[in-house]
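All of these numbers come straight from a predicted model, not from anything done at the bench. Below, read A as the first sequence line, B as the second, and so on, with proteins coming before strands; counting in each chain starts at 1.
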There are 2 protein chains.
Amino acid sequence: MPEDAEQLLRQHGITVTAQRLAVLRAVTEKPHRTADDLAEAVRSMIGAISRQTVYSALQELAERGLIRRIQPANSPARYEDRIGDNHHHLICRNCGAVVDVDCPVGAAPCLKPCDDAGYAIDEAEVIYWGRCPACISDAGATAQRNSDPTNHS
Amino acid sequence: MPEDAEQLLRQHGITVTAQRLAVLRAVTEKPHRTADDLAEAVRSMIGAISRQTVYSALQELAERGLIRRIQPANSPARYEDRIGDNHHHLICRNCGAVVDVDCPVGAAPCLKPCDDAGYAIDEAEVIYWGRCPACISDAGATAQRNSDPTNHS
DNA sequence: ACCAAAAACTAGACATTGTCCAATACTGGA
DNA sequence: TCCAGTATTGGACAATGTCTAGTTTTTGGT
């Protein structure tokens, strides 16, 4: 099975290493996790990885377009492998859970501002903020931030 | 002139202090600045202010709805006093310049996702990413990040 | 297979942004 | 004016990410 991933990396001009394969797999297995969570996941796959390597692997993968980094306010960056379809995100203000939502419009940039002020716009990033079903039913009582802000898509 | 601002704070249930007046004035004078920039501005008004006070003043003002905090990726939080009109932002990937853009739709939440996944959505945050006119004409040559990512609206 | 060059990995120090806390100073109402 | 309640301050701390120098691994040619 690792064949596929190896091919993928090579096709994108990325040299193949155990660390990068594991990082990519971790992102794929459960999207919207933080660098730290991913490092943990990778450790359970290959035993050990340094923090720095996780960061550089994620950066490399993101630069080459294999994964996408999302950086919600009040949260460390998160990563996902669903790319190229211009979807957006819905984030719970209370627990930080992230879910994907399809773009209501279409291809990027999915929105054009009335006045672009001379900017060359390449992306319209949309984040919907609200409360997730779990936090709504918890009625703001015991709910804390960061219960499991990941694979809710 | 400070009369107005004092009234404003009192009306919003905020106790009036020299620091808060200065912070509010700093935000108003030049929007989209960071806490650090604002601290500098305040110091030139009233001589001195602690970092912590700037942060708590900004938080207080934001909570009471007098100012709004925006937190673009790869940038410290920025603050603006234009509130209640659901406008969005256009940010230069190269220099970080921020400009306001009017919401192409109207009142918040200005967009409804097709599938809200059971979330109670209260805001759709839109950030347009691109390159500002200055960075376009600099043709990626000498341009560095953070030339003056502020009052370009 | 082997070797050299290039690239990636690692650990640790460092940078930035923001928060916590306890002591002191100020504000607003009686 | 005095007092209780707030706000301010500075210093330590926390979270996330980056830099760097040295070591290890991968790659491509023999």
Side-chain angles (χ1 to χ4, degrees), chain A residues 2 5-24 26 32-40 42-43 45-64 66 69-79 96 144-146 149, chain B residues 2 5-24 26 32-40 42-43 45-64 66 69-79 96 144-146 149:
Chain A
E6 277 197 42
Q7 292 301 318
L8 198 60
L9 292 192
R10 267 187 246 278
Q11 283 166 12
H12 286 259
I14 303 173
T15 65
V16 176
T17 68
Q19 289 88 346
R20 285 170 174 180
L21 285 171
V23 168
L24 178 55
H32 306 149
R33 284 195 285 189
T34 65
D36 218 53
D37 293 339
L38 291 165
E40 263 318 296
V42 168
R43 285 192 190 104
M45 294 181 205
I46 64 171
I49 194 172
S50 75
R51 213 160 50 103
Q52 183 54 43
T53 299
V54 174
Y55 277 110
S56 31
L58 289 170
Q59 183 183 311
E60 184 74 17
L61 293 170
E63 271 173 9
R64 306 290 184 138
L66 286 178
R69 182 202 327 249
I70 56 187
Q71 294 174 260
N74 304 313
S75 163
R78 294 163 185 281
Y79 298 86
Q144 299 298 329
R145 270 213 130 239
N146 282 328
Chain B
E6 277 197 41
Q7 293 300 317
L8 198 59
L9 291 192
R10 267 188 247 277
Q11 284 164 12
H12 287 260
I14 303 172
T15 65
V16 176
T17 68
Q19 289 88 345
R20 285 169 175 182
L21 286 172
V23 167
L24 178 55
H32 306 150
R33 284 194 286 189
T34 65
D36 219 54
D37 292 340
L38 290 166
E40 262 319 295
V42 167
R43 285 191 190 105
M45 293 181 206
I46 64 171
I49 194 173
S50 74
R51 212 162 50 105
Q52 182 55 45
T53 299
V54 174
Y55 277 110
S56 30
L58 289 170
Q59 182 183 312
E60 184 74 18
L61 292 170
E63 271 174 8
R64 305 292 183 136
L66 286 178
R69 182 201 328 247
I70 56 187
Q71 294 176 257
N74 304 314
S75 162
R78 294 163 185 282
Y79 299 85
Q144 300 297 330
R145 272 215 127 236
N146 281 328

Visitor: Measure CG/A/L9 against P/D/dT27 and give the value in whole Å, please.
Guide: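 Taking atom P of D/dT27 as the reference, CG of A/L9 is at 10 Å.
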Visitor: Look at all strands and tell whether A/A77 reaches a base, only sugar-phosphate, or nothing, counting heavy atoms closer than 4.0 Å.
Guide: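 A/A77: backbone/sugar contact only, no base atoms under 4.0 Å.
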Visitor: Between P on D/dG17 and CD on A/Q59, what's the gap in Å once rounded to a whole number?
Guide: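 The distance from CD of A/Q59 to P of D/dG17 comes to 12 Å, rounded to the nearest Å.
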Visitor: Starting at atom CD of A/Q52, determine the distance to atom C1' of D/dC19, rounded to an integer number of angstrom.
Guide: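 One finds 8 Å between C1' of D/dC19 and CD of A/Q52, rounded.
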Visitor: Side chains of residues 13-23 of chain B: which donor-acceptor partners sit under 3.5 Å, not counting sequence neighbours?
Guide:
from	atom 1	to	atom 2	distance (Å)
B/T15	OG1	B/R20	NH1	3.1
B/T17	OG1	B/R20	N	3.1
B/R20	NH1	B/T15	O	3.0

Visitor: Expressed in angstrom and rounded to an integer, what is the separation of B/L58 atom CG from D/dA7 atom P?
Guide: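 Distance, rounded to whole Å: 15 Å.
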Visitor: I want to check something: taking the side chain as every heavy atom from C-beta on, are A/T53 and A/V42 in contact at a cut-off of under 4.5 Å?
Guide: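 No. Closest side-chain heavy atoms not under 4.5 Å.
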Visitor: Would you tell me if any nitrogen or oxygen in the side chain of B/T53 comes within less than 4.0 Å of OP1 or OP2 on D/dT8?
Guide: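 Checking B/T53 against D/dT8: no side-chain N or O falls below 4.0 Å of OP1 or OP2.
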Visitor: Both B/T17 and B/R69 contact DNA chain C. Taking the nearest nucleotide for each, which residue is further toward the 5' end?
Guide: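 Nearest nucleotide further toward 5': that of B/R69.
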Visitor: List the steps, then state whether side chain to side chain contact (heavy atoms under 4.5 Å, CB included) holds for A/L58 with A/R69.
Guide: CA-CA 8 Å; A/L58 289 170; A/R69 182 202 327 249; 5.9 Å; no
Visitor: On DNA chain C, reading 5' to 3', which nucleotide is the first and which the last to sit with an atom under 4.0 Å from a heavy atom of chain A, could you check?
Guide: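 Span of nucleotides near chain A: C/dA7 to C/dA13.
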Visitor: For the residue pair B/A35 and B/V54, what are the closest heavy atoms and their distance?
Guide: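 Minimum heavy-atom separation between B/A35 and B/V54: O-CG1, 3.7 Å.
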Visitor: Which of the following nucleotides, D/dT8, D/dC19, D/dT27, is nearest to the side chain of A/V16?
Guide: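 Ranking D/dT8, D/dC19, D/dT27 by closest atom to the A/V16 side chain puts D/dT27 first.
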Visitor: Which whole-number value in Å describes the distance from A/D36 CG to D/dT18 P?
Guide: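 My rounded result for the distance is 14 Å.
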Visitor: Compare every heavy atom of A/A73 with every heavy atom of B/Q71, then report the nearest pair and how far apart it is.
Guide: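 Between these two residues, the closest heavy atoms are OE1-CB, 3.5 Å.
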Visitor: Any side-chain heavy-atom pair from A/Y79 and A/I70 closer than 4.5 angstrom?
Guide: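 Of all side-chain heavy-atom pairs linking A/I70 with A/Y79, none is under 4.5 Å.
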Visitor: Whole-Å distance between D/dT16 P and A/E40 CD?
Guide: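 The answer, rounded to whole Å, is 14 Å.
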Visitor: In whole angstrom, what separates B/R51's CZ from D/dA12's P?
Guide: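 Roughly 12 Å, once rounded to whole Å.
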Visitor: Using a 4.0 Å heavy-atom cut-off across all strands, classify A/A18 as base, sugar-phosphate, or nothing.
Guide: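 It contacts nothing in the nucleic acid.
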Visitor: Check whether any side-chain N or O of A/T15 sits under 4.0 Å from OP1 or OP2 of D/dT26, and answer yes or no.
Guide: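 The answer is no; no side-chain N or O of A/T15 sits under 4.0 Å from OP1 or OP2.
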Visitor: Which heavy atom in B/A39 sits nearest to a heavy atom in B/I49, and how many Å separate them?
Guide: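 Result for this residue pair: O-CG2, 4.1 Å.
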Visitor: Side-chain N or O of A/R10 less than 4.0 angstrom from OP1 or OP2 on D/dT27?
Guide: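 Yes, within the criterion.
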Visitor: Whole angstroms only, please: what is the CD-P distance between B/Q19 and D/dT6?
Guide: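 After rounding, the gap between these two atoms is 17 Å.
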